[in-house]
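Please read these numbers as outputs of a predicted model, since none were measured by experiment.
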Amino acid sequence: MQRGSSQPTTCRRRPPVRPYKSRDRVAANPAAAARASLQFFLCSWAIESLCSLQEEMASRAAVLALLLSATAFAAAAAQLDEKFYSQSCPSVEDVVRKEMVRALAAAPSLAGPLLRMHFHDCFVRQQPASELALLTRGCDGSVLLDSTANNTAEKDAKPNLTLRGFGFIETVKAAVEKACPDTVSCADVLALMARDAVWLSKGPFWAVPLGRRDGRVSISNETKQLPPPTGNFTKLAQIFATKNLDTKDLVVLSAGHTIGTSHCFSFSDRLCNFTGLDNARDTDPTLDTQYMARLRGKCPSLDDNTTLVEMDPGSFKTFDLGYYGNVAKRRGLFHSDGALLTDAFTRAYVLRHATGAYKEEFFADFAASMVKMGSIDVLTGSQGEIRKKCNVVN
């Protein structure tokens with residue numbers, strides 16, 4: 001490390017350096033040549049040892065950073081408690097569920113967007129180098145905040161423009177506030193709504209650890225951390241790893257696509273100009289041709305931002321194993337869905353559950369991964385705040 005600089009010194013192997021510029025001078029003095037050779041050997045050995053030591057230290061530093069990140073994740077998760085509101089607001093889950101039952105009875109297609117909202121909330125946080133990182137983390141309700149005159153919030157960033165359900169979340173929060181004023185965070189309300197969205201769609205039920213606090217900052221640029229629907233397996237795995245989620249979490253949570261719909265522009269690159277040839281025949285070769293034809297029939301324009309397509313055709317309102325069956329047939333809607341077939345582990349998981357024979361096993365896996373995701377970088381204790389309304393800070 002250079003003094004006065006925050007940048008690490010790059011360690012490179014140096015080329016051999018001649019101890020003397022003149023061969024005749026060395027040849028004329030054998031003793032000097034011997035000393036020079038010894039000097040050169042010791043110098044080369046020292047440089048080589050220094051480089052190896054520096055590389056080892058860098059490697060250890062990287063491992064230490066990962067361990068510290070995992071430790072911080074575990075510490076934050078440990079502060080959440082399924083019975084957090086048992087004294088302060090024991091009716092919170094009943095209040096949320098009553099509103100969810102009423103809403104999904106009228107609009108069952110809302111379940112998918114609410115699950116997606118929780119996912120997008122948890123995956124976005126301020127970078128550690130930012131002072132704002134102390135004000136906002138992962139699952140902190142920042143996706144619910146409105147933009148202001150001086151700031152564009154997450155909800156208005158491109159990846160979130162198709163999110164919906166904000167008004168209904170405010171309705172549920174108002175009901176919770178009426179029952180327990182200034183007690184339950186918007187982040188916790190959203191986590192409970194996501195769980196009930198899955199359960200009321202005939203999916204698994206799980207106990208939600210509670211105690212999250214709301215962040216005070218929401219910045220649109222930070223949505224770059226969201227896994228893109230166009231991502232390949234390597235990119236997706238890397239993004240998940242930064243959130244302390246592994247490849248099993250990736251393949252399990254991807255099944256959230258079993259409920260809900262998507263807009264054509266989210267996958268239109270698979271249907272035309274896939275490699276940039278500006279050719280109608282330039283399509284994604286990994287996509288089933290019959291399925292592609294159906295998608296083209298529904299999405300005639302690459303810029304269509306209004307047409308909705310079922311992510312799990314035939315059962316998009318039911319949380320089931322149909323998603324894996326479609327992915328196994330190369331009929332996953334997004335490139336990120338098809339990418340699950342390019343890794344040995346995730347491919348095996350897809351094919352196992354495509355059979356439909358291990359429903360309870362998958363339900364247990366999904367519940368575990370949701371709890372894990374819901375604990376990403378949470379604010380707890382005196383951090384953040386408890387918003388009265390989810391779209392604005394207090």
Donor-acceptor check, side chain of T342 to backbone of G338, threshold 3.5 angstrom: yes or no? no

Give every donor-acceptor pair under 3.5 Å between a side-chain atom in residues 322-329 and any protein atom, sequence neighbours left out.
unit_1 : atom_1 : unit_2 : atom_2 : d
Y323   : OH     : D337   : OD1    : 2.7
Y324   : OH     : V251   : O      : 2.8
N326   : ND2    : D312   : OD1    : 2.8
N326   : ND2    : G322   : O      : 3.4

I need the full list of side-chain hydrogen bond (donor to acceptor under 3.5 Å, both in side chains) pairs touching residues 202-212, with sequence neighbours left out, sorted by first then second residue. D188-R212

Remaining members of V393's ILVMFWY cluster at a side-chain heavy-atom cut-off under 4.5 Å? L145

Determine which pairs satisfy ring-ring contact (aromatic ring centres under 6.0 Å, His included) with at least one residue from residues 155-179, sequence neighbours left out, and list them in order. none

Looking at L333, is its backbone amide N or carbonyl O close enough to the side chain of R270 to form a donor-acceptor pair, meaning the two atoms are under 3.5 Å apart? yes

Check A175 against E99 and note the closest heavy-atom contact, atom names and distance. CB-OE2, 4.0 Å

Qualifying salt bridge (charged side-chain N to carboxylate O under 4.0 Å, His left out) pairs, either residue in residues 340-349, two or more places apart: none

Looking at every non-hydrogen atom in both residues, tell me the closest pair between Q225 and I239 and how far apart they are. O-CG2, 3.3 Å

Can you confirm whether N160 sits close enough to L226 that some side-chain heavy atom of one is under 4.5 Å from a side-chain heavy atom of the other? yes

Can E93 and R195 be counted as an ion pair, charged N to O under 4.0 angstrom? yes

Less than 4.0 Å between a side-chain N and a carboxylate O, is that true for K372 and D246? yes

Determine which pairs satisfy salt bridge (charged side-chain N to carboxylate O under 4.0 Å, His left out) with at least one residue from residues 158-170, sequence neighbours left out, and list them in order. none

